Amino acid sequence: MSVLRDLARYPSVYDDNAVFLGEFAFLVRKKFPSLQFLSIWNEAEEEQARGASLDNINALFVACLSADGGESVLSEEDAGAPVAPVKLAEEALTDTQRGIRAAIKAADNSYRVYFFTPVRSKIGMSISARVSTSYVATDVRQKIIEAVLAEFGQTAAASRRGRNRPLYKRVYELLRQKVPALTSGDADLTVSIDEPPSLALRPEMWRYVAADSLAVNVDTANIVTPTWGG
């Protein structure tokens, strides 16, 4: 179901003859549904990240990680100290990467296909909540953690694509849907997401919220539910 939800995000595609950039991503995801991470980008995005080069002309760029984690992955601990991906040589490609290239070539053999190592980057997020004393703070905290990691964690559909960037609106909606304690009375909620510089959101970035990058604090208070005429 998670794979189907991920594929449903793409526009309608009727066959495997990819033309637009999003169709190549759809095609590869369809043929390799168990990929932990996949990002496919074009010349324009590559030059935004690393500048112009003749090698970028008529090329597609891929960063991926298969289900067994057979590909190399780099880690970026600080957005202020970016880690450059490694452009892989032919002899360094895995069977999965060769299969992805073959799928792209079958759709359009005019492209050159280059592979880069994904760069892992954990998204820092802090959440503070105040709920009624009728709830147990530790239980509410655990539900918040479970909801966030299910939606934005390492295995979430949103995190399996490049440049994942959780929106505040989505986080607030998610928590109010999944955690009933946050919808009662005058319960309050504050979310803060670490925002890296725009240049740090490179197409090879595998970004997700991890248990050790998520801070959740829940307090309880006597909260009176507003009544009619009160």
Side-chain angles (χ1 to χ4, degrees), residues 1-9 29 33-39 64-69 71 73-81 83 118-197 200-201 205-227 230:
M1 289 304 298
S2 63
V3 173
L4 291 176
R5 282 194 294 269
D6 198 22
L7 293 178
R9 297 171 185 265
R29 280 237 174 262
S34 61
L35 289 173
Q36 292 188 58
F37 173 77
L38 173 69
S39 179
C64 66
L65 181 64
S66 56
D68 60 6
E71 291 74 32
V73 181
L74 302 177
S75 294
E76 183 174 290
E77 302 297 334
D78 180 6
V83 174
V119 178
R120 185 198 319 265
S121 177
K122 297 178 182 179
I123 302 171
M125 183 182 297
S126 60
I127 299 172
S128 296
R130 184 188 66 184
V131 299
S132 168
T133 52
S134 60
Y135 294 95
V136 179
T138 53
D139 291 346
V140 176
R141 179 178 183 275
Q142 185 59 33
K143 288 181 179 179
I144 291 174
I145 292 172
E146 290 173 357
V148 170
L149 294 184
E151 185 72 14
F152 305 109
Q154 184 172 342
T155 60
S159 304
R160 291 166 51 163
R161 298 185 297 276
R163 292 182 175 176
N164 178 32
R165 191 172 193 172
L167 299 177
Y168 279 93
K169 176 183 178 182
R170 178 56 188 146
V171 177
Y172 279 108
E173 289 176 348
L174 172 74
L175 294 179
R176 291 195 170 104
Q177 290 171 0
K178 299 293 185 180
V179 187
L182 298 175
T183 63
S184 63
D186 289 333
D188 202 7
L189 176 66
T190 302
V191 177
S192 177
I193 304 173
D194 290 348
E195 293 286 348
L201 294 174
M205 299 297 292
W206 181 23
R207 304 184 74 241
Y208 57 86
V209 179
D212 58 358
S213 68
L214 173 63
V216 179
N217 180 63
V218 178
D219 294 322
T220 58
N222 290 318
I223 295 175
V224 179
T225 303
T227 58

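Owing to the predicted nature of the structure, the values given are computational and were not obtained by experimental measurement.
Contact record, P166 with I193: O-CD1, 3.8 Å, taken as the closest heavy-atom pair. The heavy-atom pair separating A187 from A181 by the smallest distance is CB-O, 3.5 Å. When all heavy atoms of V191 and M125 are compared, the pair lying nearest together is CG1-CG, 4.4 Å.
Between L149 and V209 there is a side-chain heavy-atom pair separated by less than 4.5 Å. Using a 4.5 Å heavy-atom threshold, the side chains of E77 and V83 count as separate. Side-chain atoms of I145 and I127, non-hydrogen and from C-beta on, never get closer than 4.5 Å to each other. Side-chain contact between K178 and E151 is absent, with no heavy-atom pair separated by less than 4.5 Å.
In this structure, the separation between OG on S34 and CZ on R29 is 9.5 Å, given to the nearest 0.5 Å. Atom NZ of K143 and atom CG of L182 lie 10.0 Å apart (nearest 0.5 Å). Remark: L167 CG to L174 CG distance equals 12.0 Å, nearest 0.5 Å. In this structure, CG on D219 lies 7.5 Å from OG on S128, to the nearest 0.5 angstrom. One finds the CG atom of N217 at 9.5 Å from the CD1 atom of I144 (value rounded to the nearest 0.5 Å). One finds the CZ atom of R160 at 12.5 Å from the SG atom of C64 (value rounded to the nearest 0.5 Å).
Under the side-chain contact (heavy atoms from CB on, under 4.5 Å) criterion, Q154 pairs with Q36, R120, W206, Y208, not counting sequence neighbours. In this structure, the side chain to side chain donor-acceptor pair (under 3.5 Å) partners of E71, at least two apart in sequence or on a different chain, are S66, T94. Under the rule for a side chain to side chain donor-acceptor pair (under 3.5 Å), the partners of E195 that lie at least two apart in sequence or sit in another chain are R165. E173 meets the side chain to side chain donor-acceptor pair (under 3.5 Å) test with no other residue; sequence neighbours excluded. Residues meeting the salt bridge (Lys or Arg N to Asp or Glu O under 4.0 Å) test with D212, sequence neighbours left out: K122. Residues satisfying the side chain to side chain donor-acceptor pair (under 3.5 Å) test with Y135, not counting sequence neighbours, are none.
Under the 3.5 Å distance criterion, the side-chain polar atoms of N164 are matched with a main-chain donor or acceptor of R207. Side-chain atoms of S213 come within 3.5 Å of backbone atoms of I123 as a donor-acceptor pair (strictly under, hydrogens ignored). Panel note: side chain S159, backbone G153; a donor-acceptor pair is recorded below 3.5 Å.
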List the steps, then state whether side chain to side chain contact (heavy atoms under 4.5 Å, CB included) holds for L175 with V148.
CA-CA 8 Å; L175 294 179; V148 170; 3.9 Å; yes

